[in-house]
There are 2 protein chains.
Amino acid sequence: MTWQGLTDRELRAWRTSFHMLELLRARIEQQLQTSSGLSNADYTVLALLSEAPGGRIRVYELGRLANWEKSRMHHQLNRMSKRGLVTRERCGSRGMYAVITTEGRATLKQAVPGHVQEVRRLFVEPLTAEQLDQLTGIAATILDTLKADRPEA
Amino acid sequence: MTWQGLTDRELRAWRTSFHMLELLRARIEQQLQTSSGLSNADYTVLALLSEAPGGRIRVYELGRLANWEKSRMHHQLNRMSKRGLVTRERCGSRGMYAVITTEGRATLKQAVPGHVQEVRRLFVEPLTAEQLDQLTGIAATILDTLKADRPEA
DNA sequence: TAGTGTCAGTTGACACATCAACTCGAAGGC
DNA sequence: GCCTTCGAGTTGATGTGTCAACTGACACTA
């Protein structure tokens, strides 16, 4: 394998970061799943809806907020509505609302403390305050690059 | 939504970092997919096999190297062997080798430059050398925490 | 030698993500 | 009025990831 174009240091930075993300994501997801039966995707949708007035958001707006493709959101809402976590409501002639149900709110409420605790334990506490700020800066920089590179993202 | 247990700064660090890594991952994957028809998973397997003597690695060892569950590796190798990128060979009575094919090598060789270029463009170049080192340290710290928390990972 | 445990590998079910193609109503121009 | 375009939403196909249950060979031992 030749790695022209990346120094060892750069390659290591990439592989370590990528691997860390994979593991961290899996671990957070696992905790959510076993403690509440929610996936990361479920949690994201419920959190966004619960913060919105009336617990309802237009589906395309929800997709924009979560940065998801519309069909991803559609499939996700399908699965969640089968489980009673959300419902859909017509909005005018062509629009749809996604609405969090009572059961959705209850499930989220039950899931939040453990989730926050896990994020704190695995992500926040191992790092110094300085590292956390550095990381925020780094993430923001790369996000800017990504959005500049393909503005619609 | 109440976020007991996380300060605004910590929450922002978490959300920004998570979002950045998700987007970056998707973008790298997209580039690989459109330029070579490979997924990140395909690429990982091909890269590992191509670096091994004889282009072959025991399946369980491959899983260990990539940090994957055995069934994930199994399904992945199934899909890849259907496409002619790898084959399997018996190893003794109970073992299996995964072996990269000529076609797998060719596909990988063709994919590497664009992939490396994309990693450089989206991940390495936006950051200063100092930031890159900081990030490597941060990722390593979190990885250590994860592995200490559940040693088999 | 039967019983037990272990480990690599396999399988099937299900959830998640992405892509392309499609519907349908609205908006704008002619 | 008619046509085109567009955007929100829907659908199906395919690939990806996880879990639990199973197989089959080996090792250990009572």
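Every chain is numbered from 1, with letters handed out A, B, ... down the list of sequences.
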Round to the nearest Å and state the distance from Glu69(B) atom CD to dG9(C) atom C1'.
14 Å
Any side-chain N or O of Ser39(B) less than 4.0 Å from the OP1 or OP2 oxygen of dT16(D)?
yes
Contact class for Arg88(A) vs. all strands (heavy atom < 4.0 Å): base, sugar-phosphate, or nothing?
sugar-phosphate
Are Val99(A) and Leu77(A) co-members of a hydrophobic cluster defined by side-chain heavy atoms under 4.5 Å apart?
no
Check every strand shown and say whether Arg25(A) touches a base, only sugar-phosphate, or nothing at a heavy-atom separation below 4.0 Å.
sugar-phosphate
The answer to which of Glu22(A) and Gly95(A) contacts DNA chain D further toward the 5' end, by nearest nucleotide, is Gly95(A)
Around atom CD of Glu130(B), are there more than 12 heavy atoms from other residues, nucleotides or ligands closer than 6.0 Å?
no
So how far is it from Met80(A) CE to Leu38(A) CG, rounded to the nearest 0.5 Å?
7.0 Å
The answer to which of Arg94(A) and Lys70(A) contacts DNA chain C further toward the 5' end, by nearest nucleotide, is Lys70(A)
Distance check: side-chain N/O of His74(A) vs OP1/OP2 of dG9(D), anything under 4.0 Å?
no
Are Glu118(A) and Arg27(A) close enough for a salt bridge, meaning some N to O gap below 4.0 Å?
no
Which part of the nucleic acid does Asp42(A) contact within heavy-atom distance under 4.0 Å: base, sugar-phosphate only, or nothing?
sugar-phosphate
So Gln30(A), base contact, sugar-phosphate only, or nothing? Heavy-atom distance under 4.0 Å.
sugar-phosphate
Nearest whole angstrom, please: distance from the C1' of dT16(D) to the CD of Glu29(B).
9 Å
What integer distance in Å separates Glu61(B):CD from dA8(C):P?
10 Å
Report yes if a side-chain nitrogen or oxygen of Arg58(A) is closer than 4.0 Å to either non-bridging phosphate oxygen (OP1 or OP2) of dG9(D); otherwise report no.
yes
Picking from dA8(C), dA20(C), dG15(D), the nucleotide nearest the side-chain atoms of Ser71(A) would be dA20(C)
Residues Asp42(B), Arg79(B); criterion salt bridge (Lys or Arg N to Asp or Glu O under 4.0 Å); working and verdict:
CA-CA 9 Å; Asp42(B) 298 330; Arg79(B) 290 188 294 265; over 6 Å; no
Measure from CG on Leu77(B) to P on dT10(C) and round the result to the nearest Å.
9 Å
Should Arg72(A) be listed as having a side-chain N or O under 4.0 Å from OP1 or OP2 of dA17(C)?
yes
Can you find a donor-acceptor pair, distance only, under 3.5 Å between His75(B) side chain and dT18(D) base?
yes
Among dT10(D), dC16(C), dG17(D), find the nucleotide with the atom closest to the side chain of Met96(A).
dT10(D)
Leu85(A) CG to dA15(C) P: how many Å, rounded?
12 Å
Under 4.0 Å between a side-chain nitrogen and a carboxylate oxygen: does that hold for Arg25(B) and Glu22(A)?
yes
d(CG, Asn78(A); P, dT11(D)) in whole Å:
7 Å
Whole-Å distance, Lys82(A) NZ to dA15(C) C1', equals 11 Å
Donor-acceptor pair present, Ser93(A) side chain and dC24(C) base, under 3.5 Å
no
Nearest whole Å is fine: how far is dA8(D) C1' from Ile57(A) CD1?
16 Å
